Structures are given as C-alpha cells and as structure tokens.
Trainee: 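Once you've had a glance at the structure underneath, I'll fire off some questions.
Below, chain A is the first sequence line, B the second, and so on; all start at residue 1. Please read all numbers here as calculations on a predicted model, not as lab measurements.
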Number of protein chains: 2
Amino acid sequence: MGAAEVIFLESGYAAASMDAVAARAGVSKATIYVHFQNKRALFEAIVHRRTDAVFQALQLSDSRTDVRRMLTDIALNFVTMILRDDTLSVYRVVLAETPHQPEVGEAFYHGGPAFTRHKVGEFFVSLEKRGLMDFTGTDPFMVADLFLAMLAGDAHIKALFTAKPDEDRINRVIDTAVDLVLCRCGRHDVSRPPVSP
Amino acid sequence: MGAAEVIFLESGYAAASMDAVAARAGVSKATIYVHFQNKRALFEAIVHRRTDAVFQALQLSDSRTDVRRMLTDIALNFVTMILRDDTLSVYRVVLAETPHQPEVGEAFYHGGPAFTRHKVGEFFVSLEKRGLMDFTGTDPFMVADLFLAMLAGDAHIKALFTAKPDEDRINRVIDTAVDLVLCRCGRHDVSRPPVSP
DNA sequence: GTCTATAAAGCGATAGAC
DNA sequence: GTCTATCGCTTTATAGAC
C-alpha cells in the first residue's frame, strides 16, 4: 500500500494531513500537489484503487454438484474478505466521507458491495440452470442479497465497531445461513449430503 | 436535537468545530467548556443520547397467533428505524470515530445493534414457548441475528453510501426474509395463512 | 520534478472581566 | 455562568529557487 493509503485509512479523511502523507512517502508536500490537484482528488484516487483491490478478489469456488459445499466455500471467502483489517478501514473511511463527497460513496458502493452481490447473483442463476437450485417464487439476485447480508450480519457490525467475533461463531453463522437458503431454494433431491449410517 | 447533535451528525467528529457548535447553540465557546471538559467528552455524551433515543424505540408488535404477520410488522418497524436519516448519520459518525475512540464504538454497538438483536432474540424465545416457532437444530438468537441482517442487508448499505432504495424493493426484501425464516423455523401447521379459494 | 519557506486561515482551549 | 479576546498550534495550498 502506498503512503497515502495508510495515512487515510488509519486517520480518516479529515484527520489525515498532507504533511503526514508527505512524511510517510518521503517526499515534500509540494511534490504531492504536482500529481494531485488537492486533498480530495488524492482521496478519490485512493478509494478507487482500494475498492477494486479488495472486492474483485472474491473467489466463487465451484465443486461440481455439492451445493452445500459450494455455498459454504463462497461464504467463507466472503466473510474472510469483509473482515480483513484494510477492508474494514476503507469501509469506515469512505462511509464517513460520503455525506461530503457523495461521488466517493457512490463509487465504493457500486465497485464494492453491489459488485459482489451481482457476481453471486449470477452464480446462483448458473446453479439454477444446472438444476442445483430452485428460485421458483423468488429471484436469485434477491436471495444472493439476503445470503450475503446474513453472512456479514452481526459479525461485520461487531468488527466495525468493537472487535471481530471468534471463528466458532462465524462458522455457526455460515452453517445456519446456508441452511436457510437451501431450505428455501435448495433442490432436496441433490443438495443434501448422504446421511451417515 | 441539540445544536451539538446537529453539527456532529452532519459534519463528522473531526470536521465539526466547537465554533460551529457554539454559533448554532447561540452561546459562546467558553460556555460550552464550562459544561464539557473537551470536544471528546461532548461527543461521547451526544453519542450516548442519540443511541438510546434511536434504538430503544423499536416496537415488537404481537398479533396473537399470526406469526407471519408478526415478523412482517417487526421487520417493517426495524427497517424504518435503521433507514431514518438521523440513524444513518449517527452510524456513519460513530463508525468513523471508532478507531480513535474505541469506547464510543463499543457503547454504540452494545446500546444499538446488539441491544436490538437481543430484544428480537428474546421475542423469538417467547414465540417458541407459545408453540408458534420451532428452533430445533438451531438457536433463536442466531436466527434473530440472521433475520435482522437480511432486513438491513443491501438496503442499509445502499442508504449509507448512496441513497435509500425504493419502498417496493424494501417490501420484497421483507417478504423474502420472512419466508426464509418461516421455511426453516416456522410451525407449518400454524404459520401459513389460509389459501384463498 | 523536487525542494524550502511561508502565506492565510481555522482549530481547540483558556484567561480574565463582569 | 457567560461573555470577549486571544494564545499557540496545525492545516491546506502555493511561490520561487534549483
């Protein structure tokens, strides 16, 4: 991460000073103003870079026919992504600045949460086409929304405001969320793992 | 709302100046420092007040035996609460300041999101005792967590970063979330409304 | 392009009169 | 308790030398 990224993410927009950025980058302030028109422009550039870096990394693993396994894998990847320290920081900083620079909030939302939701929605569509899920009476993108929401849920809020929950709780949340989705949209003839004798 | 509330909520902690608070309150800066030791103390007091005001207002309506109706009512109250402008503002401002004043984030989490989740969890426990829901194989507080998470979901994130979603979408989210919960934890003999002929 | 030096303004907090 | 005035510091941004 560049110097400016570190300063902005750990101080917030208003409290981050161009002096601090310059000092950490090992250059003078005037040099920064050669490359960026002002503090806002620098911030905007950073948010775009971090948003892409974080949210485009989500892996949608596909293990043939075991739907429960697929959803669980995706869930774990997603939760790991949103609970990373830098993801939490960019979330806080962008959100705080959104009322004063709406374009930044908009860009983050579309390149981040909305992008992820759409990606998972499309994956659900492909699962339905392969006969592995059934969205009759609802809609894959809506279920993707609720699925990701459950996974983030209290764990995300708790991580943002106090501290990350322990791994046990996270795993129980994942299992229950997968349960709920499969109970409503699973094809029971294919989604249930064989019961051990 | 007091003057300090307005200034802090619309500017954020760092960008809010004591001059602005004083001007809006119609007093001098020195007068404020008689009542509060410093800027941080003033902020802390405000967060406590707003948190209580917002989150203790949630109504858990109880309509006898129609579980679907009860969950839908609670869902609507909850979504209305978290999408209010002042709720969104306090969420943004507290979150931005959490890395620098962890006690404030902690207090907000416990008096806000965690408080609500616990309240709904207890309500689910009471519904199970009355034979209206069935949490076999899971746990009412976990389901309460996931239920509220689904209701907030993308609508909350979108409202925080760009603009509130339209009412139609919110209602579809509520219906689907209630569906998912009842599909897993509903007592099918009592929860389904009669089919119209 | 990169530096040093500085301008111009805003900040939190306080002193001292009333 | 409340005011005016101000201290001491930090901020963004720029001017001008190299």
Side-chain angles (χ1 to χ4, degrees), chain A residues 1-51 89-90 92-108, chain B residues 1-51 89-90 92-108:
Chain A
M1 274 200 301
E5 260 137 313
V6 175
I7 300 295
F8 274 112
L9 292 190
E10 75 187 18
S11 307
Y13 179 81
S17 78
M18 297 297 270
D19 279 304
V21 173
R24 193 176 172 108
V27 299
S28 78
K29 244 190 319 185
T31 301
I32 298 178
Y33 280 97
V34 171
H35 299 283
F36 299 92
Q37 208 192 347
N38 50 35
K39 189 180 173 182
R40 283 170 70 118
L42 174 59
F43 181 65
E44 215 162 327
I46 285 173
V47 170
H48 275 85
R49 262 203 6 204
R50 296 299 318 159
T51 303
S89 291
V90 74
R92 283 193 202 97
V93 171
V94 172
L95 186 53
E97 203 48 25
T98 290
H100 312 109
Q101 298 182 236
E103 328 82 46
V104 176
E106 193 111 12
F108 176 80
Chain B
M1 274 198 300
E5 260 136 313
V6 175
I7 300 295
F8 274 114
L9 291 191
E10 76 187 18
S11 308
Y13 180 80
S17 77
M18 297 297 271
D19 279 304
V21 173
R24 194 178 171 104
V27 298
S28 77
K29 241 188 327 182
T31 302
I32 299 178
Y33 281 96
V34 172
H35 298 284
F36 299 92
Q37 206 191 347
N38 50 32
K39 190 180 173 182
R40 284 171 69 119
L42 173 58
F43 181 64
E44 215 163 327
I46 286 172
V47 170
H48 275 85
R49 262 205 3 205
R50 297 298 319 159
T51 304
S89 291
V90 73
R92 284 194 201 98
V93 171
V94 171
L95 185 53
E97 203 47 26
T98 291
H100 311 109
Q101 298 181 235
E103 328 80 47
V104 175
E106 193 109 16
F108 175 80

Trainee: Can you name the side-chain contact (heavy atoms from CB on, under 4.5 Å) partners of B/Y13, sequence neighbours left out?
Mentor: B/F8, B/K39, B/R40, B/F43, B/E97, B/Q101
Trainee: Scan residues 14-37 of chain A for pairs that pass ring-ring contact (aromatic ring centres under 6.0 Å, His included), counting only residues two or more places apart or in two chains.
Mentor: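 Counting only pairs at least two positions apart or across chains, no ring-ring contact (aromatic ring centres under 6.0 Å, His included) contact touches residues 14-37 of chain A.
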Trainee: Go through the steps to decide whether B/L42 and B/M18 satisfy the test side chain to side chain contact (heavy atoms under 4.5 Å, CB included), and finish with yes or no.
Mentor: CA-CA 10 Å; B/L42 173 58; B/M18 297 297 271; 4.1 Å; yes
Trainee: Can you give me the closest heavy-atom contact between A/L9 and A/S89, atom names plus distance?
Mentor: O-CB, 3.9 Å
Trainee: For nucleotides 5-18 of chain C, read 5' to 3', which letter fits each nucleotide if B means a protein heavy atom sits under 4.0 Å from the base, S means only the sugar-phosphate is that close, and - means neither?
Mentor: ------SBBBB---
Trainee: Quick one: is D/dC3 close enough that its OP1 or OP2 comes under 4.0 Å of any side-chain N or O from B/S28?
Mentor: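 Looking at the OP1 and OP2 atoms of D/dC3, one of them is under 4.0 Å from a side-chain N or O of B/S28.
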Trainee: Between A/F108 and A/L95, is any pair of side-chain heavy atoms under 4.5 Å apart?
Mentor: no
Trainee: Report yes if the side chains of A/T98 and A/V104 come closer than 4.5 Å at any heavy-atom pair, otherwise no.
Mentor: no
Trainee: Looking at D/dG1, I'd like to know if its phosphate oxygens (OP1 or OP2) sit under 4.0 Å from a side-chain N or O belonging to B/T31.
Mentor: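 Checking B/T31 against D/dG1: no side-chain N or O falls below 4.0 Å of OP1 or OP2.
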Trainee: Kindly point out which of D/dC3, C/dC3, D/dT2 is positioned nearest to the side chain of B/V27?
Mentor: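 Closest of the options to the side chain of B/V27: D/dC3.
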Trainee: When the distance from CZ of A/F36 to C1' of C/dG1 is rounded to whole Å, what number comes out?
Mentor: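 Answer to the nearest Å: 15 Å.
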